[in-house]
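Below is one structure, written out as structure tokens; the observations come after it.
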Amino acid sequence: MAESDAQIDAPPPAKEGQSHLYLVDGSGYIFRAYHALPPMTRPDGTPVNAVFGFSAMLVRLIDDLDADHLAVIFDAARENFRNEIYPEYKAQRPEAPEDLIPQFPLIREATRAFNVPCIEMEGFEADDLIATYARLARERGWRVTIVSSDKDLMQLVTDGVDMFDPMKNRPIGRAEVIEKFGVPPEKVVDVQSLAGDSVDNVPGVPGIGIKTAAQLIEEYGDLETLLARAGEIKQPKRRENLIENADKARISKRLVTLRDDVEVPEPLEDLAVRHIDPAGVLPFLKEQAFKRLIARFESEAAQGGSEEGRSAETVAISEAAGADAGYELVQDLDDLKRWIAAAEDQGLVAFDTETTGLDAMRADLVGVSLALSPGRACYIPLRHVGRQPQGDLLGGAPAEEAPKQVPFDAAMALLKDLLENPAVLKVAHNAKYDALVLSRQRNGGIAVAPIDDTMCLSYVLEGGLHGHGLDELAQLHLGHTNIKFEEVCGKGKNQITFAEVALDKARDYAAEDADVTVRLHALLKPRLVAEHMVTVYETLERPLIPVLVAMERNGIKVDPAILRDMSADFAKRMVTLEGEIHGLAGEEFNVGSPKQLGEILFDKMGLSGGKKGKTGAYGTGADVLETLAAEGSELARKVLDWRQVAKLKSTYTDALVESINPDTGRVHTSYSMVGAATGRLSSNDPNLQNIPVRTEEGRKIRTAFVAEPGNLLLSVDYSQIELRLVADIAGIESLRQAFLDGKDIHAQTASEVFGVPLDEMTPETRRRAKAINFGIIYGISGFGLARQLSVPQGEAQAYINAYFERYPGIRDYMDSMKAFAREHGFVETKFGRKVHIQAIRDKNPAMRSFGERAAINAPIQGTAADVIKRAMARLRPALEKADSPARMLLQVHDELVFEVPEDAVEKTAELVREVMEGAAAPTLNLSVPLVADAGWGKSWAEAH
DNA sequence: GTTTTCACG
DNA sequence: GACGTACGTGAAAACT
């Protein structure tokens with residue numbers, strides 16, 4: 001049933017020769033566009049936001065290749081045959097907003113200007129006309145796509161008929177209908193008849209919503225059967241309602257069922273897609289002052305018409321790109337000078353670097369692409385090589401000479417002038433990578449500035465909604481599929497480096513990236529203002545790019561000898577432990593396999609502890625083994641020891657040695673600015689934000705992180721920053737006072753929640769309070785706290801209740817975050833960063849709870865992340881001003897690590913502490929002081 | 001490619 | 001009233 005249905009994915013593309021009809025729900029679109037788009041007016045003051053959205057949508061649709069028939073359908077008037085069935089139908093709909101009314105005729109005008117059939121009919125709604133056309137087209141074997149997100153049209157989805165949501169740019173197929181209604185399209189009408197619709201004034205049956213309706217229809221098959229057997233319903237209220245309101249349900253059914261037998265005014269043939277005549281559409285566009293669309297059709301007119309209705313935009317970005325008007329290959333100095341002059345003239349250029357690898361500290365620059373405006377891009381090969389000699393495959397092809405390129409040093413000198421020119425804005429996607437590559441002497445020693453980063457723009461605007469890779473954004477915002485890296489370089493053992501790629505292929509790939517970047521920039525940058533995200537971008541993200549470039553470039557010295565010694569020791573201990581484990585188990589097995597271990601522990605040895613998880617595998621996590629060990633299982637104890645050693649060896653001591661850069665002798669992590677939804681950074685290749693510290697054993701790994709001779713590592717970290725923010729944000733007076741007085745915060749909490757005087761505090765009581773304090777930050781639940789504390793759930797819940805009782809501000813905070821997230825789909829940090837929480841609207845209650853906890857945590861974790869980002873951005877000029885020789889090396893969420901000459905440590909520590917403690921001000925006037933503690937030593941272990 | 005486990009804040 | 005849980009990450013190894 002539903003399971004197999006759900007697997008049906010996006011509809012297949014139209015078959016060869018099959019006609020494809022697009023039916024646009026014009027009336028529905030107007031309202032949605034009006035509400036979704038920010039207000040716009042043309043010079044004479046006429047509001048046109050919906051008209052603009054509509055026009056842009058129509059152009060996009062016509063550009064779509066497989067639409068050969070197209071019509072826009074409108075509602076003719078308010079009254080139609082449904083009002084005769086039920087006079088109140090849609091009666092209570094509010095009047096359209098004042099600034100929408102003048103847009104109705106304009107949208108019909110737009111449709112005609114674009115040479116698209118514009119259809120409406122007295123007595124019927126647009127939906128009925130759509131249903132009728134869909135039936136007619138299907139009878140001829142055509143494919144139909146209904147462009148609308150209106151749920152009332154979902155009943156029409158079937159084989160060959162699907163929908164497309166023009167606001168969200170996503171298809172609506174059978175699976176999406178099931179997601180919305182809980183039943184497949186053919187049963188949607190029955191569900192709607194029961195559930196009714198308060199907006200359209202469809203009565204339905206009282207007390208039954210979509211969920212219950214879907215459940216009932218699933219159970220009884222259809223509406224009539226359900227009504228006939230209503231007496232069998234167990235719930236008394238529901239049974240009564242169904243019996244009493246059977247007629248209302250039947251009337252509702254007549255209201256929601258779409259008519260597909262309307263005498264349509266235009267035959268299908270007349271809906272064939274017609275060419276857009278620039279001369280016909282330009283006067284209309286000019287009247288509305290739609291700049292972007294005007295430019296587009298003017299260029300089309302200049303070229304003597306478009307190519308088969310496809311936009312110049314689409315053509316330039318796809319296969320025709322390389323050919324005529326498309327991307328240019330720059331192979332001599334004069335051409336390069338021409339591009340650079342044009343970029344300087346314009347004051348803005350998008351660029352992308354092509355290299356030999358992903359590690360910016362090791363990669364060699366191979367080429368650079370530039371884009372000035374959509375479709376106008378070039379690629380400058382710099383270090384391409386000829387085809388490499390092929391081994392003995394097919395007799396071995398001989399090596400070829402390197403292709404013609406601008407001499408490297410000459411090209412880099414010119415590019416350096418451009419990329420360092422303060423009057424030219426450089427736009428890149430993940431600019432940190434390109435800036436770091438170019439900053440290395442071998443790749444030109446260029447300090448790129450000023451920089452805009454489309455990846456950061458996307459993160460700031462839509463963090464939490466989707467990924468921020470270039471390919472994903474091209475698809476999402478431009479409807480364009482980028483050439484894949486694999487298609488150019490191959491994969492697996494046959495993969496070649498970009499330096500070996502033939503120039504025409506390299507040009508198409510590289511220039512496309514720059515082209516897409518310049519388009520995304522044009523799309524995203526203006527949204528900063530419209531969506532009030534300028535400050536977040538300009539103060540928290542953009543200034544961090546050069547800071548992180550410097551940190552990644554600095555790296556940190558790691559002593560391989562220390563790690564190798566530890567690895568050898570770990571290896572020995574693992575062998576010993578393995579022997580002991582096999583002895584205890586009575587057989588040899590792979591200790592590293594949770595599956596085998598689970599079978600040994602629970603099947604063979606018969607220890608208690610059940611299955612879990614969808615996969616049916618036994619859980620053998622540390623908590624499970626810890627319980628078994630406490631019950632006296634020596635085997636479990638040994639496995640725990642083995643696991644710890646194995647983890648330390650494989651993830652840290654072995655891997656870190658491999659990460660040492662042979663050129664610098666240091667380890668250079670890479671920070672992701674868009675990895676964490678809350679605004680935190682993340683660290684990878686290698687991850688230096690999770691180096692062990694909690695156990696004595698693991699902590700030793702930090703002795704291998706050292707300062708150069710004559711220097712020290714300085715570590716400064718925020719004390720309890722998240723809890724301090726909670727005290728401030730949730731306005732908890734006693735917690736606030738405790739921080740002000742510098743008291744033991746967990747003991748204080750314990751005293752107040754459990755009513756124990758401070759001088760009678762036991763460590764256990766304090767431990768519990770500490771767990772609650774952390775729980776608060778995570779969006780506490782009785783279950784979670786019980787697990788953490790190993791106490792019954794009821795007891796944990798009692799603690800939480802006591803906490804809420806004592807600190808009501810916490811509960812208010814949690815409730816308001818949940819409500820805000822539900823309403824807006826995101827929550828905000830104190831600095832205005834938006835964190836989108838999609839799970840908050842999930843239909844699965846477990847997912848929703850998850851979203852609620854995330855909504856509680858995100859403003860706290862995110863605000864802390866914002867604070868340290870502000871500190872990092874300010875530290876650069878602050879250290880410079882103080883003439884400090886200190887170098888920032890690492891960030892670990894609430895900690896910064898520096899390398900400092902010995903004689904400058906104390907002064908630097910003081911300066912860093914001041915900047916970090918003052919980082920929230922002046923934007924945020926915290927009622928709780930921020931405190932940072934400093935420590936230093938020869939190694940990271942000593943610095944704490 | 002996904003799952004499990006475990007390291008950090 | 002039932003979902004099945006602490007928030008946020010990344011890496012290695014086993015397993016599909």
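Just so we're on the same page: letters track the sequence lines, and every chain starts at 1.
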Readout for nucleotides 9-16 of chain C: B = base within 4.0 Å of protein heavy atom, S = sugar-phosphate only, - = neither; 5' to 3' it is SBBSSSSS

Check: Is there a donor in the side chain of A:Gln891 and an acceptor in the side chain of A:Gln689, or the other way round, less than 3.5 Å apart?
Finding: yes

* Asked: So with a 6.0 Å cut-off around CD of A:Glu587, is the heavy-atom count from everything else above 12?
  -> yes

### Query
Would you find more than 12 non-hydrogen atoms of other residues, nucleotides or ligands less than 6.0 Å from A:Arg238 atom CZ?
yes

Residue set satisfying side chain to side chain contact (heavy atoms under 4.5 Å, CB included) with A:Glu462, at least two apart, ordered chain then number -> A:Leu465, A:His466, A:Leu476, A:His477, A:Arg527

Base, sugar-phosphate, or nothing for A:Ile780, non-hydrogen atoms under 4.0 angstrom? base

For A:Gln788, the side chain to side chain donor-acceptor pair (under 3.5 Å) test, sequence neighbours excluded, returns none

Applied to residues 673-694 of chain A, the salt bridge (charged side-chain N to carboxylate O under 4.0 Å, His left out) test, sequence neighbours excluded, yields A:Arg680-A:Glu722

Residue set satisfying side chain to side chain contact (heavy atoms under 4.5 Å, CB included) with A:Val674, at least two apart, ordered chain then number -> A:Met455, A:Tyr459, A:His468, A:Ser672

Check every strand shown and say whether A:Ala864 touches a base, only sugar-phosphate, or nothing at a heavy-atom separation below 4.0 Å.
nothing

| message | Measuring to OP1 and OP2 of B:dG9, would you say a side-chain N or O of A:Arg680 lies under 4.0 angstrom away? | response | no

In whole angstroms, the gap separating P of C:dA6 from CD1 of A:Ile777 amounts to 17 Å

For this session: Using a 4.0 Å heavy-atom cut-off across all strands, classify A:Ala771 as base, sugar-phosphate, or nothing.
Result: base

Rounded to whole Å, the OH-P distance (A:Tyr671 to B:dG9) equals 13 Å

Rounded to whole Å, the OH-C1' distance (A:Tyr778 to C:dA6) equals 8 Å

Output field dot_bracket for DNA chain B (Watson-Crick or G-U, both distances under 3.5 Å, | for other-strand pairs) contains |||||||||

Atom CD1 of A:Ile691 and atom P of B:dC8 are separated, to the nearest Å, by 9 Å

Residues at least two apart in sequence or cross-chain that pass ring pair (Phe, Tyr, Trp, His ring centres under 6.0 Å) with A:Phe820, listed by chain then number, are A:His824, A:Phe826

Residue set satisfying ring pair (Phe, Tyr, Trp, His ring centres under 6.0 Å) with A:Phe589, at least two apart, ordered chain then number -> A:His582

Discussion item. Classify A:Leu648 by what it touches in the nucleic acid, base, sugar-phosphate, or nothing, heavy-atom distance under 4.0 Å.
Written reply: nothing

The correct set of residues in residues 837-862 of chain A placing a heavy atom under 4.0 Å from DNA chain B is A:Gln861

Side chain to side chain contact (heavy atoms under 4.5 Å, CB included) filter on A:Ser633, not counting sequence neighbours, yields A:Leu607, A:Leu628, A:Leu635, A:Ala636

Practice item. For B:dA7 and C:dC3, measure between their P atoms and round to the nearest Å. Key: 32 Å

*Does the base of B:dG9 carry an N or O that pairs as donor and acceptor with the side chain of A:Arg694 under 3.5 Å?*
yes

Residues passing the side chain to side chain contact (heavy atoms under 4.5 Å, CB included) test with A:Asn773, sequence neighbours excluded, are A:Leu723, A:His746, A:Thr749, A:Tyr803

Rounded to whole Å, the CG-P distance (A:Asp866 to B:dG9) equals 20 Å

Rounded to whole Å, CG of A:Leu896 lies from P of B:dC8 at a distance of 19 Å

Separation of B:dA7 atom C1' from A:Leu890 atom CG, nearest Å, is 16 Å

Residue pairs meeting salt bridge (charged side-chain N to carboxylate O under 4.0 Å, His left out), one or both in residues 835-854 of chain A, sequence neighbours left out, come to A:Arg822-A:Glu852

